[in-house]
Undergrad: 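The structure under discussion is supplied below as structure tokens; questions concerning it will follow.
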Number of protein chains: 2
Amino acid sequence: MPTLYHHPMSSASRFIRLVLGEYGFEYDLVEEQPWEGRREFLALNPAGTLPVFLDDSMRSLCGAVVISEYLDETHGALKRDRRLLAENSFQRAEIRRLVEWFLVKMEQDVTRHLARERVFKLQMPTAQGGGAPDSKLMRAARGNIRQHMKYLTWLAGSRPWLAGDRLSYGDLAAAASISVLDYLGEIDWSEFPQSKDWYQRIKSRPSFRPLLGDRIRGVTPASHYADLDF
Amino acid sequence: MPTLYHHPMSSASRFIRLVLGEYGFEYDLVEEQPWEGRREFLALNPAGTLPVFLDDSMRSLCGAVVISEYLDETHGALKRDRRLLAENSFQRAEIRRLVEWFLVKMEQDVTRHLARERVFKLQMPTAQGGGAPDSKLMRAARGNIRQHMKYLTWLAGSRPWLAGDRLSYGDLAAAASISVLDYLGEIDWSEFPQSKDWYQRIKSRPSFRPLLGDRIRGVTPASHYADLDF
């Protein structure tokens, strides 16, 4: 059975869990603390980043983009109207643009700072960067949430799904990142009804259920985190 | 004719220029200062990042990964043994892993800091972040060069090209990032003969010639920058 090395507060890991869920994969989930720099983990991915997917032949695939492209080529292409990347190259480009928006840009502007300051630093030993959260960094990250929510709302309001007519990697990447922030209670849904409607649809999918069951030691989720009707 | 919006000190832009050069594209090159946040540029790419490729139908493709995947699907796939992505999915994953290594990891650890502190800050108005370079940031970035050069040397020493038997996106992404640092004289080649041999092979390709002609106002390149025999 394949294995996914992940962390519950890593957006990129959540994205791949959603993809694997949508495609009905059976796999083992192993939680990794990437800041530990475990030798066995670095042998799988010298970059030391999450997620890492170990296939049935024990070959490792490193990083969300690499894994999602591989899964599309080896599984998605056979799924017809359940494929999470489009057939048309220009539509594929639009989906990939959104994946990059949510897993790279929003990650750098917002998500990774809040995940790090509010979660990872609690789990890290001081020598590896643990300690009290940096409130200046958190304030800057929070200040960027609105811009991303506005963009999400524009996308959700102008198309049935974020990249077009069909559920795609774009929706799953966005939902992955948003769900980390929602766990931490950082999203004010009342301001963004169209985004809320979109998130409600995603959240109700069976592929999302395992994410709603995630619990982080020492960090209680927002009270509405697992509610389908929030 | 298509247009590429780029900056000469952006690794991701250089990567796409190399890909377009290898595939023999004719295109217009437009220099963009992304920190200016020009409205017309943001209309092409709301993320405000480089590179952006505008195709013959004036449709924009945003970011190096999106552009390179699109070029592979629409052109590379027809190039047989000159294709810059492999046919086999697992080899494609390895090439993509290296692209991510050099354009994301090495970028975050090293290249973007040195490009920003030594080049962009000279071009930026103070209000947009310009000013004197931050020597602490530069020292940290320089401290990370060795680790990346060692990894490059290991790849160059164990395979004919970085990702395997054929020139690939992996080589072009690595060369793009290295060439920015080499312009700035940040690479000590004497320590890494196998990387030097690989870089010499890439540097001699016709696709590389335009990059060797780049000159930045106020920043003279290292004396060996444009030498094929350095």
Side-chain angles (χ1 to χ4, degrees), chain A residues 12 42 44-49 52-77 85-109 112 147-148 150-152 154-155 163 169-170, chain B residues 12 42 44-49 52-77 85-109 112 147-148 150-152 154-155 163 169-170:
Chain A
L42 290 175
L44 296 177
N45 180 11
T49 51
V52 173
F53 184 74
L54 210 59
D55 79 356
D56 282 326
S57 319
M58 304 289 280
R59 294 183 299 192
S60 60
L61 294 156
C62 308
V65 167
V66 169
I67 299 169
S68 64
E69 294 287 347
Y70 179 84
L71 292 175
D72 179 66
E73 291 169 8
T74 54
H75 293 82
L85 255 180
E87 269 72 44
N88 171 283
S89 284
F90 199 74
Q91 286 166 14
R92 292 162 72 82
E94 174 62 0
I95 294 170
R96 290 186 178 116
R97 182 182 76 85
L98 294 182
V99 171
E100 185 149 328
W101 184 286
F102 291 103
L103 295 189
V104 179
K105 183 173 171 57
M106 186 169 177
E107 185 74 12
Q108 286 179 359
D109 292 348
R112 77 166 177 194
Q147 177 214 345
H148 285 281
K150 279 168 80 172
Y151 192 58
L152 178 69
W154 178 79
L155 292 168
Y169 280 172
Chain B
L42 290 175
L44 297 177
N45 181 10
T49 51
V52 173
F53 184 75
L54 209 61
D55 79 357
D56 282 325
S57 319
M58 303 290 282
R59 296 184 298 194
S60 61
L61 295 156
C62 308
V65 167
V66 169
I67 300 169
S68 65
E69 293 287 347
Y70 179 83
L71 293 175
D72 180 65
E73 290 170 8
T74 53
H75 292 80
L85 256 180
E87 269 72 45
N88 171 283
S89 284
F90 200 74
Q91 286 166 14
R92 291 162 73 80
E94 175 63 359
I95 293 170
R96 290 186 178 115
R97 181 182 76 84
L98 294 183
V99 170
E100 185 149 330
W101 185 287
F102 291 103
L103 295 188
V104 179
K105 184 172 170 57
M106 185 167 176
E107 186 73 12
Q108 285 179 357
D109 292 349
R112 78 165 176 196
Q147 177 214 345
H148 285 281
K150 278 167 82 173
Y151 191 58
L152 178 68
W154 178 80
L155 292 167
Y169 280 172

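Throughout, a chain's letter reflects where its sequence line sits, starting with A, and its residues are numbered from 1.
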Undergrad: Nearest 0.5 Å, please: how far is CD in Glu73(B) from CG in Asn88(A)?
TA: 9.0 Å
Undergrad: Can you tell if the side chain of Pro46(A) reaches within under 4.5 Å of the side chain of Trp101(B), non-hydrogen atoms only?
TA: yes
Undergrad: Heavy-atom distance under 4.5 Å to chain A: side chain of Tyr151(B), backbone, both or neither?
TA: side chain
Undergrad: To the nearest 0.5 Å, how far apart are CG in Leu85(B) and CD in Glu69(A)?
TA: 9.0 Å
Undergrad: What's the shortest heavy-atom distance between Leu61(A) and Ala93(B), and which atoms?
TA: CD2-CB, 3.2 Å
Undergrad: Which heavy atom in Val65(B) sits nearest to a heavy atom in Glu100(A), and how many Å separate them?
TA: CB-OE1, 4.0 Å
Undergrad: Between Arg92(A) and Tyr70(B), is NZ or CZ placed under 6.0 angstrom from the six-membered ring centre and within 45° of the ring axis?
TA: no
Undergrad: Between atom CZ of Arg96(B) and atom SG of Cys62(A), what is the distance when rounded to the nearest 0.5 Å?
TA: 13.5 Å
Undergrad: I need the Asp55(A) CG to Ser89(B) OG distance, nearest 0.5 Å.
TA: 11.0 Å
Undergrad: With a 4.5 angstrom heavy-atom cut-off, is it the side chain or the backbone of Glu94(B) that approaches chain A, or both, or neither?
TA: neither
Undergrad: Identify which part of Thr49(B) has an atom lying under 4.5 Å from any heavy atom of chain A, answering side chain, backbone, both or neither.
TA: neither
